[in-house]
Amino acid sequence: MASADPFEDVVKSRREEGFAEFEPTRKGLWGRFHEALHTTPALVPLIVLLAALVVFGVLLGGKFFSPFALTLILQQVQIVGVLAAAQALIILTAGIDLSVGAVAVLCSVLMGQITFRYGVPAVAAVPIGLAAGTAIGAVNGWLVSRIKLPPFIVTLGMWQIVLAVNYLYSRNETIRARDIETQAPFLQVLGTKFTLGGAVLTLGVVLMLAVVLGLAYALRSTAWGRHVYAVGDDPEAAQLAGVDRHKTLMSVYMLVGFICGLAGWVMIGRYGSVSPSATTGVIGNIQAITAVVIGGISLFGGRGSILGAFFGALIVGVFELGLRMSGADPQWTYLLIGVLIIAAVTIDQWIRKVTQ
Amino acid sequence: MASADPFEDVVKSRREEGFAEFEPTRKGLWGRFHEALHTTPALVPLIVLLAALVVFGVLLGGKFFSPFALTLILQQVQIVGVLAAAQALIILTAGIDLSVGAVAVLCSVLMGQITFRYGVPAVAAVPIGLAAGTAIGAVNGWLVSRIKLPPFIVTLGMWQIVLAVNYLYSRNETIRARDIETQAPFLQVLGTKFTLGGAVLTLGVVLMLAVVLGLAYALRSTAWGRHVYAVGDDPEAAQLAGVDRHKTLMSVYMLVGFICGLAGWVMIGRYGSVSPSATTGVIGNIQAITAVVIGGISLFGGRGSILGAFFGALIVGVFELGLRMSGADPQWTYLLIGVLIIAAVTIDQWIRKVTQ
Amino acid sequence: AETSACLITKTDTNPFFVKMREGAEAKARELGLTLNSYAGKVDGDNETQVAAVETCIANGAKGILITPSSTSAIVPSIEAARAAGMLVIALDTPLDPIDAADMTFATDNYHAGVLIGEWAKGKLGDKAKEAKIAFLDLDVSQPTVGVLRDQGFMEGFGIDIGDPNQWGDESDPRIVGHDVTQGNEEGGRKAMENLLAKDPMINVVYTINEPAAAGAYEALKSMGREKDVLIVSVDGGCPGVQNVADGVIGATSQQYPLLMASKGIEAIAAYAKDGTKPAATEGKAFFDTGVSLVTDQPVEGVSSISVARGQEMCWG
Amino acid sequence: MTAPTPLLEAKGLVKRYGRVTALDHCDFDLLPGEILAVIGDNGAGKSTLIKALSGAIRPNAGEILLNGSPVQFDSPNDARAAGIETVYQTLAMSPALSIADNMFMGRELRMPGLMGKLFRKLDRKRMEDFSRQKLAELGLMTIQNIHQPVETLSGGQRQGVAVARAAAFGSSVVILDEPTAALGVKESRRVLDLIQEVRARGIPIILISHNMPHVFEVADRVHVHRLGRRLCVIDPKQHSMSDAVAYMTGAAVPEGVAEPV
Amino acid sequence: MTAPTPLLEAKGLVKRYGRVTALDHCDFDLLPGEILAVIGDNGAGKSTLIKALSGAIRPNAGEILLNGSPVQFDSPNDARAAGIETVYQTLAMSPALSIADNMFMGRELRMPGLMGKLFRKLDRKRMEDFSRQKLAELGLMTIQNIHQPVETLSGGQRQGVAVARAAAFGSSVVILDEPTAALGVKESRRVLDLIQEVRARGIPIILISHNMPHVFEVADRVHVHRLGRRLCVIDPKQHSMSDAVAYMTGAAVPEGVAEPV
Ligand SMILES: Nc1ncnc2c1ncn2[C@@H]1O[C@H](COP(=O)(O)OP(=O)(O)OP(=O)(O)O)[C@@H](O)[C@H]1O
Ligand SMILES: Nc1ncnc2c1ncn2[C@@H]1O[C@H](COP(=O)(O)OP(=O)(O)OP(=O)(O)O)[C@@H](O)[C@H]1O
Ligand SMILES: [Mg+2]
Ligand SMILES: [Mg+2]
């Protein structure tokens, strides 16, 4: 045994060392593409989206590539797009929010009823609705973060509660589009149309884009965003490393509630009327989760990009409109969308694999 | 520096050592109770279940504690109970199965239609239906395990596909109970009633109990069960440790498909008729997941017991029957069930905390 | 003990059933009955209805009013309830077989469809031959009401309906397509957009109910086509009739849920008192609570009532 | 020599996990400016002790005193606010985030000017340069890509990041739980240097290690932990490594202590 | 001395992760019955090398030969089927499962008789007794509850379980990636004994370690890894620890090798 050998002395004096360097292994366009895929994971769903557009374009010809059809897709995904952005935030924290759709519907009902039942001006009713959404988010967040209940259960319960409150409070009454138009047009303001190079867009679409891009920036380039990822990745580790888990979760859930409120406002713009029985209340959550997962965000938290979720929403929108335009009947459309969703994620996996 | 000190020699000769022992810290009944909670996590939802029974018993009196009402709960949770057992298996592997309800409905439709449309005897149609369920499970499993798609997406797609196939294949036709009774009574055999000490049970209830207990045994006391937990806990680690991840996942998904087939057969027994538009196809998945999560199984896999899932299903069943019997109107019932689900899990958390 | 009754509706989110419940509650209060209400979770929810029937048996109710989600699948449960000595009355939708219930107080949904179909055909006149029709239905699971209304419209309009238990199997070239709406504004708008993307020249729109019609109207309006398309619908709720007045909907078939419900409660009260069971309308297997076409643009050969009259009779 | 007031002190700490007793009325003290080593068998309760001191767990009984006055840490952030910086044995990193993100977790740098103030934009470049430099100081020159997520680093590289973080930001106490376990010869050496640099800044250090030569090289006092409690504190200048090993494994009993089992 | 055929051999292994090169045309050989130590800086690629040898990753290029014939391992199970048993640096344990469950993962014992055959019932008692005994042999006497989930064990206890597993079940090659990193003095000593016992059974061992005294105590040959490839193989009897450290850190270049960077 040579334990008296002062082997550590060899490393006691510091030498100048360079960082290990290897020859770049792949070059040219293909190499750049690989590199880009690695640094920007949202590119993969984007590729799938473009592929879907091309396929339907070829199948349907000019009818599909008309500004009309393409902007229709944007309009149809407005609400799911906003909800998917909210859902993505929660899923990044390793949670899940089943109440997003219901909260959106309740907020739209509140905005409408507060205006029409109590005569509050619409410009005040909208902030009240948004505040209500934020408050519901805060309750969810508190239960998840303080009482440490599983997000699935908290938001499942909240979903039922919010939907029931929504029906009970509205007494199941719809506020008609015509009435809103004449008495409180501000509620519908996000439905305002404008043309941009032949494409007809609404303010709701612009709001959706703003929400998605704003969140993408905040998640990538602010400390808050890093904390959201850290909490979702490994909450124990994040807390030991100095992240305030409670504060981060509360901010996320409250922001999500607020965004759901915005979605409710977008709904009024899009449908004109205010109805408690909007389908979004029932399936908005699954639609949003689907978009998020197709967009490549892990349900286990901490991995993925919010832009991916947005592309995920668009992918589903393209499939739905494309299939309807090609004349598949509703039941077949339903079936084919199932197939296409699986196919989209398979292609996604495949791209990731060959570009490993 | 003393690096020449042969300090390791101290431990070179082995001494007799005893295992570290500390005085047991808590004694008596309370200590035993703690101990039991630690070794049998399913006890916590069981306590919540008993509490719910007591509360409704006090509220509703003898009406609720009649053998009729109590066995009614068992009959009403038959299907969700079986689906929750299946779902629990998948969730233990860190997956999720949105197709369970739809597969159950499709299997019941297949059993019915194969008998009535093609004149195959019912004793043969049932196994065909079960095989179909297993096959769908195999497809899910293959996509999850081989193509490595997220289970959420695979089963979301499969859910839509199966539901659409179900409507298309059955041509939206319901096979009436009377016809089944006269022409193929074997299909309804799980609806057979018998009395056991005043309580009316059906073979379907017995089947549910058998499935739950059988799975509980297999998960706890066989190598396969340990592998299921290991794969759900940390798939990488399990594979490095020598578990065949693919084989384990395939066996789980196929078994789940088979159990969904059984659920379909139970449905025929319970409802008498065979209907493609059974709601289980649409909301069976959420019901099953809810039961599983209330039962204390982690959605991140690898933790929890299948008995817990069963108690979770019963808890929801008790809430629903109790609220209905006390005459709450439907929206209030939904609202209260939402509150109660959150409350149940809060109590669960609380019990875990005080007995830490 | 006090007499209790159950009302089981398909869902309780559709205003139609909300009104039905209000009617039943008002009548029950008047007659001193305890009323427990139940509803399915989604359209076509048979399972929850079965559980509700079982609860009514456990509670020892005297009678059940039910709008069956699945007309045949619910029958075994209904038989069990009747065996337990309860009076079972089907509201709005008959059971299959119809005599599985003690009595049925219903509108004929098929007939409601026929009325709007005939009206649309008459309104278009000769142009009916090259009409382009969009069908906005309820759900892919094709619940019975949706099928009856849809197929009734086709018959009224003169389209070969193929299998009467199913929509979507027809081959008439005038049909642009079917899409599903869940019976609300949201679904109505999206379905309309989808069908317009398929064929922008649509000029007749059948809708399952008035909320779907309102949604379809929004889609048409955003493309500037609201003036040259005929929308027809079924239900006759007050906002719907108002929409007829505003020109959003051309004509709608009005039903009377409050009437059905109050009749039903009266029947249960009578049965509880002396065991009498209600009788059917002359010549029919059920008690017909009637349906009327509401429009201000009457068409010859199709009887209709004015919007003003419709507003008086609307539910709520 | 009269003892100075300990900077950090613990009395009678108890921590139980169900049937398991991890700390059994354990005492502890850390004097200002010293390097205190904590040694003991696997499972003796060393990590549990420092988790209690750094607010990561709450003990069932006992009290903790900082500068002589009792404190209660409900979260690691409380302890950090009191200036206690810790490298946990599990490293406490977010696997999917990059090296720089992990180094600066909870104390991120913002861009100067408007972008930072108004848009709270992170200064990526500054954080990456700092990380690269700290890792180079530790001799971790094999890191090829500074954007690599921490989960893709080798075991030693990961540990290096955690140690660099604590040393760079430590303010009043630095706790290191087996900081060199996964490190190579050169990298371990650099960590020992770093420990001495930190001490030279006047910051006391708690070092848990199984490497006796290293412990005896740097420690001022050695806390020997056995079966959930402090067995004794020895002076490395007056005791040999063999003594220490004998005490901690139970092969010998230090003077004035009754063998506990 | 003519070289015997290597039992396990690798030629020109390459493994890239995106921009990172972990193995750069690396060669490797293991002779029958020897203890081969692999040493190298943090991040040199040692773990990646043994992952390639044990089927845990698939190299981008290069070939692996077992007893002279090429093999391809698509999964760790393939390698295990060929008799290669590995302790990974990350330990590869299921955190929520108990010690015995982890020890016997993939090779569970069934009850004798009908219960085992028909109902495939596990023999819990036998597995627990075996685990307890193996842990006692390693000196891990601080484990208080054999039913404890592995995630609640201390760092060293966890590593002990992993090492005990590989040593107990190793059949033709045993690979140990830093098996003593988290272990105490006594426990490390026992692992070294264990390694020699395994070799005495005729089973060759690959030992990755940063502990030079241990390496030089037990190894027959030392593979020095640097920057993703084998720099040289040295005989511990003819080279000093200082030489080895100098080679692996790049402070000196062994004869006949051109400095790669
Ligand atoms: N969460 C827990 N649940 C149950 N037992 C635990 C838990 N954490 C630690 N223990 C037990 O407490 C004892 C002390 O563990 P600790 O991690 O403090 O040991 P250690 O001295 O740091 O050992 P090592 O040198 O191996 O890191 C061990 O027996 C361990 O099994
Ligand atoms: N999945 C991965 N993705 C990207 N880079 C990786 C991945 N795994 C390993 N690397 C890189 O490959 C190199 C070699 O890593 P490896 O784990 O083999 O080192 P090692 O020699 O075992 O080091 P240590 O002594 O610290 O364990 C490191 O630079 C590491 O960052
Ligand atoms: Mg430790
Ligand atoms: Mg390594």
Side-chain angles (χ1 to χ4, degrees), chain D residues 17-22 39-48 88-90 138-145 147-148 151-160 177-178 180-189 208-213 226-228 241-242 244-246 248-251 261, chain E residues 17-22 39-48 88-90 138-145 147-148 151-160 177-178 180-189 208-213 226-228 241-242 244-246 248-251 261:
Chain D
Y17 294 104
R19 270 208 266 169
V20 176
T21 307
I39 63 172
D41 261 358
N42 289 127
K46 305 180 295 298
S47 298
T48 308
Y88 295 94
Q89 196 168 7
T90 51
L138 277 183
L140 288 168
M141 315 300 285
T142 48
I143 291 178
Q144 295 167 45
N145 178 358
H147 305 286
Q148 237 172 302
E151 66 191 335
T152 66
L153 293 180
S154 83
Q157 291 170 335
R158 221 172 306 162
Q159 189 162 47
D177 193 353
E178 306 195 19
T180 60
L183 293 185
V185 177
K186 176 181 67 183
E187 295 80 0
S188 302
R189 196 71 247 154
I208 298 184
S209 178
H210 290 299
N211 188 321
M212 290 304 130
R226 183 163 165 75
L227 296 178
M241 289 197 265
S242 306
V245 172
M248 83 189 205
T249 58
V261 181
Chain E
Y17 294 104
R19 270 208 267 170
V20 176
T21 307
I39 64 172
D41 260 358
N42 289 126
K46 305 179 295 299
S47 297
T48 310
Y88 295 95
Q89 197 168 7
T90 52
L138 277 183
L140 288 168
M141 314 300 286
T142 49
I143 292 178
Q144 295 167 44
N145 179 358
H147 305 285
Q148 238 172 300
E151 66 190 336
T152 65
L153 292 181
S154 82
Q157 291 171 335
R158 221 173 305 164
Q159 188 162 46
D177 193 352
E178 307 196 20
T180 60
L183 292 185
V185 178
K186 176 182 65 183
E187 295 80 0
S188 301
R189 197 69 248 153
I208 299 184
S209 178
H210 290 299
N211 189 321
M212 290 304 130
R226 183 163 165 75
L227 295 177
M241 289 197 264
S242 305
V245 171
M248 81 188 206
T249 57
V261 182

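Taking both residues in full, the closest heavy atoms of D/V185 and E/H210 are given as CG2-O, 3.7 Å, listed atom of the first, atom of the second, then distance.
For D/V20, the parts sitting under 4.5 Å from any heavy atom of chain E are the backbone and the side chain alike. Only the side chain of D/Q148 comes within contact range of chain E, judged by heavy atoms closer than 4.5 Å. Contact of D/Q89 with chain E is made through the side chain alone, with heavy-atom distances under 4.5 Å.
Taking chain E as the reference chain and counting heavy-atom pairs below 4.5 Å, the highest number among D/I39, D/V245, D/L183 is found for D/L183. Annotation: maximal heavy-atom pairing with chain E below 4.5 Å, among D/G156, D/G40, D/S47, D/G43, occurs at D/G43. Interface remark: of the candidates E/S209, E/S188, E/A182, E/A182 forms the most heavy-atom pairs closer than 4.5 Å to chain D. Of the listed residues (D/E187, D/H147, D/M212), the greatest number of heavy-atom pairs within a distance under 4.5 Å of chain E belongs to D/E187.
Between D/K186 atom NZ and E/D41 atom CG the span is 4.0 Å, to the nearest 0.5 Å. Here the OG1-CZ distance, from D/T90 to E/R158, works out to 8.0 Å after rounding to the nearest 0.5 Å.
Between the D/N42 side chain and the E/G184 main chain, a donor and an acceptor come within less than 3.5 Å of each other.
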